[in-house]
Amino acid sequence: YRGTWESGGQFLDHSPHEDILDVISGLSRPFTSIWDGEEYKIDNPEIYVVGVSFGGPAAILCSSDRRVKKAVSIAGVVDWKEEQKSETEPLDWLGSIVRDAFGQGYRFHKEDWDALWRVELYNPVNHEETIDPSKILLIHAIDDDVVSHAPVAAFAKRVGARLVSLKRGGHLALLRKEEPVERLDHFSNHNYERIRNNKFYQSVWQQYCCRQYIFYYSKRRIFWLSWP
């Protein structure tokens, strides 16, 4: 997101999903690799947005863009007002932790952070009429004590999105389970397991597990992965 890590700008002075849409807009334009100086262009990319936890709303909101083929939210938030009620990670506490733990990794004003629980931005329940439920897959553990399962289930029912509810998995432990990967394979018609086992993906995950985004592309398929 803008305003995080090496990105310029201010975090949360706009909806974070807009940053992803800006990246999507740039995918088909030629770009020069800073690694080898070569120029590349991705023609007609098939775009799948996968959001985890805080990134869940980004995936859901991006479903309204015609260029996005599928959107997957794993343990993602659908209503920030509900998260303010969390006994495990209330938003006021989480904002302080993010600022103290990451320093300039996340550059935001308190009033912009508070806009989350005031549901003024980046809140899927405010956009139920504009998102495309046919593109959306929600994967959530019933025993998630950080992002509650109940609001997600209610949201999925209202909008008609597909929901996979796991009995166990907590908040992020479900990423280690095989079932979500199998569901991703079926939903996207792509071998996500192959990507997860890719050495590049693994090395980036090990070194940058706290970064906001990593991406892997193969031929014409783009997987844009957002991490908490």
Side-chain angles (χ1 to χ4, degrees), residues 1 12 15-18 20 48-65 68-95 97-98 113-188 192 212-213 223-228:
Y1 307 114
L12 294 178
S15 181
H17 86 283
E18 295 173 11
I20 299 181
Y48 303 76
V49 182
V50 182
V52 181
S53 191
F54 186 96
I60 295 170
L61 293 173
C62 282
S63 71
S64 62
D65 192 286
V68 174
K69 187 171 183 179
K70 299 288 185 181
V72 181
S73 172
I74 302 175
V77 176
V78 296
D79 187 354
W80 288 105
K81 184 178 291 186
E82 293 293 331
E83 298 315 303
Q84 178 69 348
K85 304 174 185 177
S86 171
E87 296 182 1
T88 305
E89 291 187 6
L91 280 177
D92 287 342
W93 173 85
L94 183 60
I97 291 296
V98 169
W113 181 271
D114 290 345
L116 290 174
W117 63 262
R118 291 198 303 265
V119 298
E120 296 173 358
L121 84 165
Y122 197 52
N123 205 46
V125 297
N126 291 1
H127 301 272
E128 293 181 359
E129 295 182 358
T130 58
I131 61 175
D132 186 345
S134 68
K135 296 181 181 179
I136 297 173
L137 172 64
L138 307 171
I139 302 176
H140 216 99
I142 295 174
D143 66 349
D144 189 332
D145 63 349
V146 176
V147 177
S148 177
H149 176 270
V152 176
F155 171 80
K157 184 176 182 180
R158 286 197 305 272
V159 302
R162 188 180 310 178
L163 170 64
V164 175
S165 298
L166 306 179
K167 291 183 179 180
R168 294 187 178 183
H171 187 48
L172 297 181
L174 59 79
L175 292 172
R176 303 187 184 98
K177 293 180 174 291
E178 293 301 318
E179 185 175 353
V181 173
E182 293 172 357
R183 297 283 185 166
L184 277 170
D185 283 348
H186 179 72
F187 187 66
S188 66
Y192 183 78
Q212 289 304 317
Y213 298 111
F223 282 77
W224 188 260
L225 311 176
S226 62
W227 301 102

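Everything quoted here is computed from the prediction, not taken from an experiment.
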N126 (side chain) donor-acceptor with V119 (main chain) under 3.5 angstrom: yes
Salt bridge (Lys or Arg N to Asp or Glu O under 4.0 Å) contacts in which one or both residues fall within residues 76-86, not counting sequence neighbours: E82-K85
Step-by-step side-chain contact (heavy atoms from CB on, under 4.5 Å) determination, L137 to K70: CA-CA 8 Å; L137 172 64; K70 299 288 185 181; over 6 Å; no
Residues that E128 engages under side chain to side chain contact (heavy atoms under 4.5 Å, CB included), provided they are two or more places apart: V125, F155, R158, V159
Residues that H127 engages under side chain to side chain contact (heavy atoms under 4.5 Å, CB included), provided they are two or more places apart: L61, T130, I131
Contact check, side chains of K167 and D143, non-hydrogen atoms, under 4.5 Å: no
Close side-chain approach of P90 to W117, heavy-atom, < 4.5 Å: no
Which residues share a salt bridge (Lys or Arg N to Asp or Glu O under 4.0 Å) with E18, sequence neighbours left out: none
Contacts of type side-chain hydrogen bond (donor to acceptor under 3.5 Å, both in side chains), residue S15, not counting sequence neighbours: H17
With sequence neighbours excluded, residues passing salt bridge (Lys or Arg N to Asp or Glu O under 4.0 Å) with D114: K110
Residues forming a ring pair (Phe, Tyr, Trp, His ring centres under 6.0 Å) with W113, sequence neighbours excluded: F108
Gap between atom CG of L91 and atom CD1 of I97 - 0.5 Å precision: 13.0 Å
Polar side-chain atom of Y122 near backbone of A58 as donor-acceptor pair, under 3.5 Å: yes
4.5 Å side-chain heavy-atom contact, V147 and H171: yes
Donor-acceptor contact below 3.5 Å, side chain D132 vs main chain S63: no
Inter- and intrachain pairs under salt bridge (Lys or Arg N to Asp or Glu O under 4.0 Å), touching residues 50-63, at least two apart: none
Side-chain donor or acceptor of K135 paired with backbone N/O of D65 under 3.5 Å: yes
Taking every non-hydrogen atom, the tightest pair across A59 and A71: O-CB, 3.1 Å
Plane angle bin for Y1 and F54 - parallel if under 30°, tilted between 30 and 60°, otherwise perpendicular: perpendicular
Flag, side chain of S53 to backbone of G76, donor-acceptor distance under 3.5 Å: no
Contact check, side chains of L121 and L116, non-hydrogen atoms, under 4.5 Å: yes
Residues in side chain to side chain contact (heavy atoms under 4.5 Å, CB included) contact with L163, at least two apart in sequence or another chain: L138, H140, H149, V152, A153, A156, S165
Donor-acceptor under 3.5 Å (E120 side chain, A115 main chain): no
For E89, side-chain hydrogen bond (donor to acceptor under 3.5 Å, both in side chains) partners two or more places apart: none
Pairing residues for S64 by the side chain to side chain contact (heavy atoms under 4.5 Å, CB included) criterion, not counting sequence neighbours: none
